There are 2 protein chains.
Amino acid sequence: MELSNYSKIFKALSNEQRLKIFMMIYKNCCSPEGAKIGSEFLLKEESCCGIKGGIDRAFSKICDCMSLSRSTISHHFKELQNAGLITCEREGQTYRCWVNKEAISAIREFLE
Amino acid sequence: MELSNYSKIFKALSNEQRLKIFMMIYKNCCSPEGAKIGSEFLLKEESCCGIKGGIDRAFSKICDCMSLSRSTISHHFKELQNAGLITCEREGQTYRCWVNKEAISAIREFLE
DNA sequence: TCGATAGTTCCATGGTTATAGAATAGTCTA
DNA sequence: TAGACTATTCTATAACCATGGAACTATCGA
């Protein structure tokens, strides 16, 4: 991975609102069973990852936890996807989202 | 550490040139003895960390490796310091710089 | 104390980003 | 198929960022 890819990832996480969105997805879908999620990242609506993993209706759930317009939140989702940090898959009218763990480990290794 | 501190750190690393500066300091002062430093982060002038650790004349050395004005590089140094990623100490006419390892481990734990 | 060297600060500028309202498009259900 | 719902895209705007030239400050050595 090139330096510019890393800076792209860091840029995606450089906005506080976007970082919060990312952490809500991350903590609610990637925390080990039984781990407590800090209140700032806890989704109001309980998140049932189900068999497929990820978070269903992620966009809606996050909109309910933030005081930003849906338009703005949509842009932020796009940025996170472009940076390769999350993946979203259509599920009817809504989206299911995952954090790409490879991206996380890439950063961790970069800062080794 | 608050969410806004993390986003500040990520912002400091979000510019490719600034990330390169950071990595040059990081790799040249924090790499384990004998580890090979990738060419993109290697300083032209050999870096003798000496007893005090860190990199002496860091600003000058980095200016010699980048095609940015000194003014711009100075701004970038300031950003990295404000984010708590590096510390600079005057040494006569020049500066000695370190990477703050606590900042690095904070990020790594944040992305645990 | 003068000149050289190292780095900062001031200022201007072109480009990018965060934000939201309005219009639009895709999908579900009755 | 009409209406409701979910999310995206278009458009605009104010704020912020990256950059460099010029002037400045601090320190060193002669």
Side-chain angles (χ1 to χ4, degrees), chain A residues 3-4 6-25 43-45 47 54-83 85-98, chain B residues 3-4 6-25 43-45 47 54-83 85-98:
Chain A
L3 192 64
S4 64
Y6 289 105
S7 67
K8 213 170 282 177
I9 289 180
F10 291 131
K11 182 167 289 162
L13 299 176
S14 72
N15 175 276
E16 188 174 344
Q17 305 303 321
R18 200 158 52 221
L19 179 56
K20 189 177 170 187
I21 293 173
F22 173 75
M23 290 307 284
M24 286 197 279
I25 302 175
L43 293 169
K44 281 184 189 169
E45 194 175 336
S47 196
I55 299 181
D56 64 313
R57 299 183 49 253
F59 182 82
S60 269
K61 285 178 179 168
I62 284 173
C63 286
D64 291 343
C65 297
M66 303 195 68
S67 49
L68 287 176
S69 75
R70 305 195 136 231
S71 165
T72 300
I73 292 176
S74 177
H75 287 303
H76 285 324
F77 263 81
K78 191 134 296 170
E79 288 289 314
L80 291 171
Q81 288 179 80
N82 286 342
L85 283 164
I86 65 172
T87 302
C88 296
E89 190 182 283
R90 212 170 231 290
E91 238 176 25
Q93 280 171 285
T94 65
Y95 281 95
R96 178 176 292 271
C97 289
W98 296 265
Chain B
L3 191 64
S4 64
Y6 290 105
S7 66
K8 213 169 284 176
I9 289 179
F10 291 131
K11 182 168 290 164
L13 301 175
S14 72
N15 175 277
E16 189 174 343
Q17 303 304 319
R18 202 157 51 221
L19 179 58
K20 187 175 171 190
I21 293 174
F22 172 76
M23 290 307 284
M24 286 198 277
I25 303 175
L43 294 169
K44 280 183 191 168
E45 194 175 335
S47 197
I55 299 180
D56 66 314
R57 300 183 46 254
F59 182 82
S60 267
K61 285 178 180 169
I62 285 174
C63 285
D64 291 345
C65 297
M66 303 195 67
S67 50
L68 286 177
S69 74
R70 306 196 133 229
S71 166
T72 299
I73 293 177
S74 177
H75 288 305
H76 285 325
F77 263 80
K78 192 132 295 168
E79 288 289 314
L80 292 171
Q81 288 180 78
N82 286 342
L85 282 164
I86 64 171
T87 303
C88 296
E89 191 182 281
R90 210 170 230 291
E91 237 176 26
Q93 281 170 284
T94 65
Y95 280 95
R96 178 176 291 271
C97 289
W98 297 264

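Every value quoted in this text rests on a predicted model; they were computed, and no experiment measured them. Only this structure's heavy atoms are used, side chains among them; waters, hydrogens and symmetry mates stay out. Letters A, B, ... are given to chains in the order of the sequence lines, protein chains preceding strands, and every chain is numbered from 1.
Taking atom CD of Glu91(A) as the reference point, atom P of dC28(C) lies 11 Å away to the nearest angstrom. dT9(D) atom P lies 10 Å from atom CD of Gln81(A), rounded to whole Å. Asp64(B) places its CG atom 10 Å from the P atom of dG7(C), with the value rounded to the nearest Å. In this structure, the NE2 atom of His75(A) is 9 Å from the P atom of dT9(D), given to the nearest Å. Counting to the nearest Å, the C1' atom of dT5(C) and the OH atom of Tyr95(B) are 14 Å from each other. We find that CD of Glu79(A) is positioned 8 Å from C1' of dT17(C), with the value rounded to whole Å. Whole-Å rounding puts the Lys11(B) NZ to dA18(C) C1' distance at 10 Å.
Side-chain nitrogen and oxygen atoms of His76(A) include at least one within less than 4.0 Å of the OP1 or OP2 phosphate oxygen of dT19(C). Close to dA18(D), at under 4.0 Å from its OP1 or OP2, lies a side-chain N or O of Arg18(B). The side chain of Ser74(B) places an N or O atom within less than 4.0 Å of a non-bridging phosphate oxygen (OP1 or OP2) of dT8(C). Side-chain N/O atoms of Thr72(A) include one lying less than 4.0 angstrom from OP1 or OP2 on dA20(C). Note on Ser60(A): a side-chain N or O is less than 4.0 Å away from OP1 or OP2 of dA7(D).
Glu45(B) has a carboxylate O that lies under 4.0 Å from a charged side-chain N of Arg57(B), or vice versa, which qualifies the two as a salt bridge. For the pair Arg96(A) and Glu91(A), the salt-bridge criterion is met [side-chain N within less than 4.0 Å of a carboxylate O].
There is a side-chain donor-acceptor pair under 3.5 Å between Thr72(B) and Ser69(B).
Interface remark: the Ser71(A) side chain does form a donor-acceptor pair with the dG21(C) base, using a distance-only criterion of under 3.5 Å. Looking at Gln93(A), its side chain has no donor and acceptor atom pair within 3.5 Å of the base of dT6(D).
For Lys78(B), counting side-chain heavy atoms from C-beta on, the closest listed nucleotide (dT8(C), dT6(D), dA20(C)) is dT8(C). For Thr94(B), the side-chain atoms get nearest to dG7(C) when compared with the rest of dT19(C), dG7(C), dT19(D).
Distance check: Ser60(A) OG to Tyr95(A) OH gives 12.0 Å after rounding to the nearest 0.5 Å.
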